[in-house]
Asker: 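Here it is, the structure in full.
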Amino acid sequence: MSEALAVDGAFGNRLVELREIKEEARRGPDDAATIRQHERGKLTAHERIELLLDPGSFTEIEALRRHRATAFGLEHRRPYSDGVVCGWGTVHGRTVFVYAHDFRIFGGALGEAHAQKIHKVMDLAEAAGAPLVSLNDGAGARIQEGVTALAGYGGIFQRNTRCSGVIPQISVMLGPCAGGAAYSPALTDFVFMVRETSQMFITGPDVVQAVTGEEITQNGLGGADVHAATSGVAAFVYDDEQSCLEDVRYLLSLLPSNNNEAPPHEPTDDPADRSTDRLLDLVPTDSSRAYDMCSVLEEIVDDGEFLQVHAGWATNVVCALARLDGHVVGIVANQPAMLAGVLDIEASEKAARFVQTCDAFNIPLVTLVDVPGFLPGVDQEHGGIIRHGAKLLYAYCNATVPRVQLILRKAYGGAYIVMDSRSIGTDVSLAWPTNEIAVMGAEGAANVIFRREIKAADDPEALRRLKIKEYRTELMHPYYAAERGLVDDVIEPAETRSLLIRALAMLRTKHADIPARKHGNPPV
């Protein structure tokens, strides 16, 4: 009995020491650093992880890791964790891996040990087949460690690329991230940002001013709103960290753990056969009148809930994740309320990326079409609309997930083809009786085909109107495409939800063989 007590006493001393070290690692360098972090409107790494993961589920790894650098006095500053917290936990009960920069330690800058911890958690995520979330609040490479810090970034980039399309990778920007710290997020599937506190840029405002003479603030150069509306780097933007991390959890609930699984199914009380009569009031029959496509989505999807991706960028196309009868779908839809829903360079890029992401993670695609064509203009042509439009074409042609197309109104020219038409492989094509599928609008077509006749007529305007009506009657009536097998059925708008759900249920066991190849060569 006395021997057991002696052993317990020895262990007791060691346990006290272990607990003190772990508390020091969690507490950070000092309380003042935590206060400064909070004064900036930012949470600490552990506080962020607690918001992201299910309560009590986090398991940390390498919390006691310390760097081995000796240059520039670093040998006297060897805090535990080396500025990054790594581990795993659960979100809605499913395993998720996470790493979070600790800005209180070296400003979250990446050194050799710091990078190796991230490499370890990335390798674990790949091996376990589980999503990886990075909570980024780091100042780039640790200058005092030189090239070893740069090599650490290289290892992260290589793993980002290897895991691309294998496990979901989500980057959450929660502080200033420059240089190499901005490239890893750019390689991931989704980027979240918080206004005022998070920025991304390759070179900061001081360097920009020194090189170009331009004066600009950090937020003006690479703030959340810039990347959400102008560059398209940020898929989601929020006013605070709490709401941001809440939506990270929501996004994870819509994604599979890896590319070998289907997205999680959620039972719903929204009936699969619910009539969508309200669509008759939401969508004008006059194809020249605008409406909000988001209202259409609300009427169709389960409980009216969907998560828009890149809601502030390329707003003439809507990309969203939602559920139909409890099953996750990716929706691509033209937005007639913005630029009449036309496709341009940015809309093509946005939709192409979304289609690729859905295809990578086994998310069926529903495409809602109301498109007048590609945006004409010198800027678009010189900016490479051919190349960028081809990205969307390539993404759809390459997709093997179930694909359903619904044509609401206009579907003109090459834009009709690109928006997942039957000719490029959609599985089921449906149309409303208001559909207008043609090479171009009746007005433009009549002006081209009957140009000479109209010019020579005694009353050119009257003849032009007659020829427009003739063209519309002959080639643009709502059953023209259905008669030729390019549309499977012309449906009533009230049947939209139920028929989409039936089509997707039929396609749930779809199997598509693809040619053996190393990889395709998409336009970039």
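Residue numbers count from 1 along this sequence. It should be emphasised that the depicted structure is a prediction, and the values quoted were computed from it without experimental measurement.
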Asker: Pick out which of Leu282, Val283, Leu279 makes a side chain to side chain contact (heavy atoms under 4.5 Å, CB included) with Ser295.
Answerer: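 Running side chain to side chain contact (heavy atoms under 4.5 Å, CB included) over Leu282, Val283, Leu279 with Ser295 returns exactly one hit, Leu282.
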Asker: Test side-chain hydrogen bond (donor to acceptor under 3.5 Å, both in side chains) on Thr357 and Asp189; report intermediate values, then the result.
Answerer: CA-CA 7 Å; Thr357 303; Asp189 300 305; 5.0 Å; no
Asker: Do any N or O atoms from the side chain of Gln218 and from the backbone of Gln199 form a donor-acceptor pair under 3.5 angstrom?
Answerer: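 Looks like no, no N/O pair under 3.5 Å.
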Asker: Any side-chain to backbone donor/acceptor pair from Ser243 onto Asp240? Under 3.5 Å, distance only.
Answerer: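 Flag set: sc Ser243 to bb Asp240 pair under 3.5 Å.
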Asker: Taking only Lys NZ, Arg NE, NH1 and NH2, and the carboxylate oxygens of Asp or Glu, determine whether Glu298 and Arg278 approach each other closer than 4.0 Å.
Answerer: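 Salt bridge between Glu298 and Arg278, a charged N being under 4.0 Å from a carboxylate O: no.
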Asker: Less than 3.5 Å apart, any donor N or O on the side chain of Gln356 or Asn398 sitting next to an acceptor on the other?
Answerer: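 Checked: Gln356/Asn398 side chains show no N/O donor-acceptor pair below 3.5 Å.
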Asker: Mind checking the CG-CG spacing from Leu368 to Asp420? Nearest 0.5 Å is all I need.
Answerer: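 So the CG of Leu368 and the CG of Asp420 are separated by 11.0 Å.
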Asker: Is there side-chain contact between Leu251 and Leu255, with heavy atoms separated by less than 4.5 Å?
Answerer: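 They are in side-chain contact.
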Asker: Kindly indicate whether the side chain of Ser171, heavy atoms from C-beta on, has any atom under 4.5 Å from the side chain of Asn136.
Answerer: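 SC-SC contact between Ser171 and Asn136 confirmed.
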Asker: If you round to the nearest 0.5 Å, how far is CZ of Phe190 from CZ of Phe354?
Answerer: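 Nearest 0.5 Å value for the CZ-CZ distance: 7.0 Å.
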Asker: Is it the case that atom CG in Asp286 sees more than 12 heavy atoms from other parts of the structure closer than 6.0 Å?
Answerer: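 It does: Asp286 CG has more than 12 such atoms within range.
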Asker: Met122 vs Ile156, test: side chain to side chain contact (heavy atoms under 4.5 Å, CB included). Steps then yes/no.
Answerer: CA-CA 8 Å; Met122 294 180 80; Ile156 294 173; 4.0 Å; yes
Asker: I need the Ile331 CD1 to Ile363 CD1 distance, nearest 0.5 Å.
Answerer: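 Here the interatomic distance stands at 11.5 Å.
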Asker: Parallel, tilted or perpendicular for His327 and His265, by the 30°/60° rule?
Answerer: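 His327 vs His265 ring planes: tilted.
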Asker: Should Asp225 and Val237 count as side-chain neighbours, where that means a heavy-atom distance under 4.5 Å?
Answerer: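 Contact flag for Asp225/Val237 side chains = yes.
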Asker: Does a side-chain N-to-carboxylate-O contact under 4.0 Å join Arg48 and Glu241?
Answerer: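 Between Glu241 and Arg48 there is a salt bridge, with a charged N closer than 4.0 Å to a carboxylate O.
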Asker: Is Glu349 salt-bridged to Lys391, cutoff N-O under 4.0 Å?
Answerer: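 Yes, Glu349 and Lys391 are salt-bridged.
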Asker: Considering only heavy atoms from C-beta outward, does the side chain of Val191 approach that of His227 to under 4.5 Å?
Answerer: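 Sidechains of His227 and Val191: no contact.
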Asker: Quick one: sort the Phe157 and Tyr183 rings into parallel, tilted or perpendicular, breaks at 30° and 60°.
Answerer: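 Ring orientation of Phe157 relative to Tyr183: perpendicular.
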Asker: Is it true that the NZ or CZ of Lys42 lies under 6.0 Å from the centre of Phe103's six-membered ring and within 45 degrees of the ring axis?
Answerer: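 Judged by the rule (NZ or CZ under 6.0 Å from the ring centre, within 45° of its axis), Lys42 counts as positioned above Phe103.
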Asker: With a 4.0 Å cut-off, would you call Asp270 and Arg497 a salt bridge?
Answerer: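 Yes, this pair counts.
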Asker: Could you tell me whether a side-chain N or O of Gln209 sits under 3.5 Å from a main-chain N or O of Asp206, the two making a donor and an acceptor?
Answerer: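 Not at all, since once roles are kept as given, no pair shorter than 3.5 Å links the two residues.
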Asker: Between Arg323 and Val329, is any pair of side-chain heavy atoms under 4.5 Å apart?
Answerer: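 A side-chain contact is absent here, since even the closest heavy-atom pair is not under 4.5 Å.
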Asker: For the pair Arg249 (side chain) and Val91 (backbone), establish whether a donor and an acceptor sit closer than 3.5 Å, ignoring hydrogens and angles.
Answerer: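 Not at all, since once roles are kept as given, no pair shorter than 3.5 Å links the two residues.
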Asker: Look only at the side chain of Asn316 and the backbone of Val342, and say whether a donor-acceptor pair between them is shorter than 3.5 Å.
Answerer: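 Checking the backbone N and O of Val342 against the side chain of Asn316, a donor-acceptor pair under 3.5 Å is found.
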Asker: CG of Leu343 to CG of Leu375: how many Å apart, nearest 0.5 Å?
Answerer: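 Here the interatomic distance stands at 9.5 Å.
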Asker: Are Glu39 and Ile35 close enough that some pair of their side-chain heavy atoms sits under 4.5 Å apart?
Answerer: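 The answer is yes, as the side chains (C-beta and beyond) meet within the 4.5 Å cut-off.
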Asker: Where is the tightest heavy-atom contact between Val121 and Gly87, given as atom of each residue plus distance?
Answerer: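 That would be CG2-O, 3.6 Å.
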Asker: Trp313 versus Lys350: any side-chain heavy-atom pair under 4.5 Å?
Answerer: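 A side-chain contact exists here, since the closest heavy-atom pair is under 4.5 Å.
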Asker: Within the 4.5 Å heavy-atom criterion, are Asn334 and Lys410 side-chain neighbours or not?
Answerer: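 No, their side chains stay 4.5 Å or more apart.
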Asker: Is a side-chain N or O of Ser253 found less than 3.5 angstrom from the main chain of Tyr250, in a donor-acceptor match?
Answerer: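 A pair under 3.5 Å: yes.
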Asker: Do Lys117 and Glu62 sit within salt-bridge range, that is, some charged N less than 4.0 Å from a carboxylate O?
Answerer: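 Judged by the 4.0 Å cut-off on N to carboxylate O distance, Lys117 and Glu62 do not form a salt bridge.
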Asker: Nearest 0.5 Å, please: how far is NE2 in His310 from CD in Glu346?
Answerer: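 Going from CD on Glu346 over to NE2 on His310, the span is 11.0 Å.
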Asker: For Glu215, look at atom CD and say whether over 12 heavy atoms of other residues, nucleotides or ligands are found less than 6.0 Å away.
Answerer: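 No.
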Asker: Will you find, in the side chains of Asn258 and Glu126, an N or O donor that is under 3.5 Å from an N or O acceptor?
Answerer: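 No pair is found: no donor N or O on one side chain lies under 3.5 Å from an acceptor on the other.
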Asker: Measuring from Cys86:SG to Phe97:CZ, what's the distance to the nearest 0.5 Å?
Answerer: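 Going from the SG atom of Cys86 to the CZ atom of Phe97 covers 11.5 Å.
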Asker: Does the pair Arg162/Asp123 count as a salt bridge with the N-to-O cut at 4.0 Å?
Answerer: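 Asp123 and Arg162: salt-bridged.
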